[in-house]
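We count residues from 1, following the sequence as given.
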Amino acid sequence: MVNIQPIQYSVKAKTHSAPYQMHKYYARRPYNVFRNLIEHYSKPGDLILDCFCGGGVTLLEGLTVDRKIIAVDLNPLATFITKMQIQQIDIDSLEEYFSEFRKICEDEYSKYYFQKTPDGEQEVDWVEYIYEVECPKCESSILLSEENKVRNGYYTCNNSKCESNLTQKGLKRTDCRPISTAPSRLSYTLENDTKLHNLSQNEKIIISQAKYDYTIHADLQEIDIEVPSNWDRWHEDCLPQKGVHRFPDFFTEKNYFINVMIFNKILAMDKSEFRDLLYFAFSSSLRYTNKMSRVVQDWEGGNPTCMDKHAYWLPNIFVETNILHYLKKRMGSVVKGMKYIQETIPSNKKEANSFEEIIEDGDYMILNQSSSRLSIPSESISAVITDPPYGSNVQYGELSAFWNVWLMQYLGLDNFQYLDEEAISNRKLKKIEGKNSQHYEDMLFSIFSEANRVLKPNGYLVFTFNNKDIDIWVRMLRAVVKSGFILPRDGLIYQKYIKGYENTAHLKSEGNIQGDYIYSFIKGSIAYSEDINLNLFETELTQTIHGCVEKLFLQKSEYNTPTLYQYIFSEIVSMLMKYLHAEQYVGEKVGTNLTKTSIDKILELVLNNDDHIWTLKDGD
């Protein structure tokens with residue numbers, strides 16, 4: 001086997017290419033970063049395993065450079081997206097298929113989106129609505145408008161005599177019961193010119209009192225399923241307080257009805273690759289047709305912004321978008337993605353249904369299952385290149401359920417949840433019935449152990465990682481060490497995110513690190529050193545962090561949290577690995593008292609922290 005050294009350079013991350021823009025999947029990594037890893041750690045014809053295939057980046061990029069790929073994920077949404085992204089299909093026939101279906105839908109459902117405007121009756125792009133809630137003090141209605149906002153999440157009661165107005169602090173939105181929504185403005189397109197219209201009081205009444213028949217007959221498939229109350233997202237996103245108890249509650253009555261009608265038209269069509277891609281486009285459009293869509297001035301060109309957080313975030317002012325317009329847009333995105341695939345992946349790539357087939361004449365295999373139990377022979381994989389969950393950063397299963405409740409019925413699956421074996425930890429529920437960091441470590445260990453088994457001798461386990469919580473870092477590294485891997489010298493590099501993505505809502509929150517670490521672990525073990533005293537772990541951790549701070553502040557007088565953490569984690573990893581290897585021989589664990597605030601507490605011994613800006617304390 002060729003002696004491969006750990007990769008020593010990162011690349012400038014590129015924005016997602018057309019296939020990855022066909023359907024949302026959370027936390028996809030830059031495609032060219034993974035292509036760079038694939039080309040470094042394998043050669044054409046090698047077999048690569050991706051045990052957390054997610055949005056399908058390793059598979060697509062691997063096929064592009066002539067590798068054989070086994071892509072595995074517990075999440076059915078992940079494996080469905082992964083498969084759709086590499087379909088080889090006649091583009092002209094697909095466009096004709098899409099066009100015919102879209103015309104049927106437009107003829108039947110466009111009437112629901114016509115409204116009176118200053119330019120007469122027009123088909124609108126969206127109507128904006130504002131939630132009305134009931135005051136818990138006096139039971140008056142409160143319009144959650146900008147005019148009534150005291151500060152984020154707090155509003156003034158419209159009743160001037162309400163006791164809540166005495167303090168001028170406002171009422172917490174989540175303490176108020178949702179009662180209705182009120183239209184405020186609409187947008188439409190006339191001769192390629194976007195028009196924005198503020199509704200008059202009379203127009204608001206007309207829209208609110210419009211009557212449509214939204215009856216869904218019993219023989220139709222729908223998603224009238226309860227949102228599980230044992231989710232992190234149920235609690236953290238305050239779903240019941242915002243009126244969401246069942247999956248239809250994510251939609252307006254009109255858009256839920258039309259989505260169900262379109263979904264059933266797709267189900268009634270003959271099964272084919274064309275129908276799969278049609279459902280794929282419909283599934284993609286669901287992101288844009290729910291009550292998590294909003295319009296923000298000077299953002300996205302004034303177009304609706306939809307589900308851009310790792311959460312079920314329901315804004316107090318939302319837009320009801322035109323489903324037909326978004327279905328057309330998503331069909332266009334799918335066609336564009338398919339054209340890209342035709343240009344980049346050879347048309348003779350063949351899907352295998354077993355390991356024997358992929359070895360004989362297949363090119364890839366997609367498995368919807370846990371990666372802890374693989375029907376793959378030992379020492380048969382050249383490299384494992386993947387992107388595991390980062391602790392509690394993204395609740396993939398809970399968030400994917402928004403699409404999986406539909407996909408479950410499209411594919412005939414038994415369930416839309418698969419959370420028991422998911423390798424994540426909870427934030428809100430971990431102290432009750434949820435998954436703590438030990439669960440996360442255990443799940444990673446079961447999967448990395450299987451990766452070790454199937455890897456060839458001296459094979460690499462390569463993955464990206466990012467989390468501010470040192471407890472999660474230690475758990476991840478311990479799972480790797482227990483599974484039989486070592487981190488070679490120079491086995492860690494830092495990879496910056498895509499330029500322009502650094503200001504997303506997720507990355508801006510809580511001073512998150514704005515990049516990934518790329519780990520290159522190698523299959524093997526190291527000898528135990530009796531010189532390592534596990535009792536000195538916390539002391540050495542503090543000394544290492546303070547040593548890093550001392551060097552950094554010789555160069556600059558202040559650092560923000562992302563930059564400071566980036567340097568600290570790069571510095572402490574080798575120290576953590578040293579102690580974690582020693583654990584395996586001594587039988588005791590280090591870092592059992594670590595929490596997500598541990599590094600901050602160590603830093604605060606020598607630094608001041610003012611809103612994520614760190615400076616030296618006087619005298620230091």
Kindly give the heavy-atom pair with the smallest separation between [X] and [Y], and that separation in Å.
X      : Y      : result
Cys53  : Ala71  : CB-CB, 3.7 Å
Leu59  : Ile86  : CD2-CD1, 3.6 Å
Gln369 : Arg373 : NE2-O, 2.6 Å
Glu422 : Gly397 : OE2-N, 2.8 Å
Tyr9   : His40  : OH-ND1, 4.4 Å
Pro6   : Pro488 : CG-CG, 3.6 Å

Can you find a side-chain donor-acceptor pair between [X] and [Y] that sits under 3.5 Å?
X      : Y      : result
Asp516 : Tyr497 : yes
Ser425 : Asn436 : no
Asn452 : Ser483 : no
Ser520 : Tyr41  : yes

Examine distances only and state if a side-chain atom of [X] and a backbone atom of [Y] form a donor-acceptor pair shorter than 3.5 Å.
X      : Y      : answer
Glu450 : Val454 : no
Tyr440 : Pro389 : yes
Thr58  : Phe34  : no
Thr563 : Tyr559 : no
Arg35  : Glu61  : no
Lys523 : Gly484 : no
Tyr396 : Tyr25  : no
Asn467 : Tyr390 : yes
His235 : Asn230 : no
Asn32  : Lys14  : yes

Can you find a heavy atom in the side chain of [X] that is under 4.5 Å from one in the side chain of [Y]?
X      : Y      : answer
Tyr565 : Asn560 : no
Tyr26  : Lys24  : yes
Pro19  : Ile341 : yes
Met577 : Leu477 : yes

Check: For Asp420, what residues pass the side-chain hydrogen bond (donor to acceptor under 3.5 Å, both in side chains) criterion, not counting sequence neighbours?
Finding: none
Next item on the list: Could I get the full list of side-chain hydrogen bond (donor to acceptor under 3.5 Å, both in side chains) partners for Gln417, not counting sequence neighbours?
Entry: Trp231
Partner residues of [X] under the side-chain contact (heavy atoms from CB on, under 4.5 Å) criterion, sequence neighbours left out:
X      : value
Glu604 : Asp600, Asn609, Trp614
Met408 : Ile225, Leu413, Phe416
Ser372 : Ser370, Glu421, Ser446, Ile447
Asn608 : Thr615, Lys617

Note to self: With side chain to side chain donor-acceptor pair (under 3.5 Å) as the criterion, how do Asp490 and Gln5 come out once you've worked through the C-alpha distance, each side chain's angles and the decisive distance to 0.1 Å?
What the structure shows: CA-CA 9 Å; Asp490 300 324; Gln5 297 301 310; over 6 Å; no
Next item on the list: Could you walk me through whether Lys83 and Glu351 pass the salt bridge (Lys or Arg N to Asp or Glu O under 4.0 Å) test, one step at a time?
Entry: CA-CA 10 Å; Lys83 184 169 184 174; Glu351 182 175 8; 3.6 Å; yes
For the aromatic rings, using the six-membered ring if either is Trp, is the centroid distance between [X] and [Y] under 6.0 Å?
X      : Y      : value
Phe465 : Trp473 : yes
Tyr460 : Phe485 : no
Tyr579 : Phe537 : yes
His23  : Phe280 : yes

salt_bridge([X], [Y]) N-O dist < 4.0 Å:
X      : Y      : value
Asp361 : Lys350 : yes
Arg478 : Glu583 : yes
Asp308 : Arg287 : no
Arg67  : Glu39  : no
Glu379 : Arg453 : no

Notebook entry, point to check: Can Asn75 and Asn404 be said to form a side chain to side chain donor-acceptor pair (under 3.5 Å), step by step?
Noted result: CA-CA 9 Å; Asn75 184 351; Asn404 278 334; 3.1 Å; yes
Next item on the list: Can you measure from CG (Asn36) to CD1 (Ile7) and round to the nearest 0.5 angstrom?
Entry: 4.0 Å
Next item on the list: With rounding to the nearest 0.5 Å, note down the distance linking CD1 in Ile381 to CG in Asp50.
Entry: 11.0 Å
Margin query: Just checking Glu550: does its CD atom have more than 12 heavy atoms from other residues, nucleotides or ligands closer to it than 6.0 angstrom?
Written below: no
Margin query: Would you say OH of Tyr494 has more than 12 non-hydrogen atoms from neighbouring residues, nucleotides or ligands within 6.0 angstrom?
Written below: yes
Next item on the list: Apply salt bridge (Lys or Arg N to Asp or Glu O under 4.0 Å) to the pair Asp66 and Lys349, showing each step before the final yes or no.
Entry: CA-CA 9 Å; Asp66 201 27; Lys349 296 301 181 184; 2.8 Å; yes
Next item on the list: Please name the residue in the list Tyr517, Phe52, Phe448 that meets the ring-ring contact (aromatic ring centres under 6.0 Å, His included) test with Phe463.
Entry: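 Exactly one pass, corresponding to Phe448.
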Next item on the list: List the steps and the verdict of side chain to side chain donor-acceptor pair (under 3.5 Å) for Thr464 and Asp387.
Entry: CA-CA 5 Å; Thr464 53; Asp387 178 35; 2.7 Å; yes
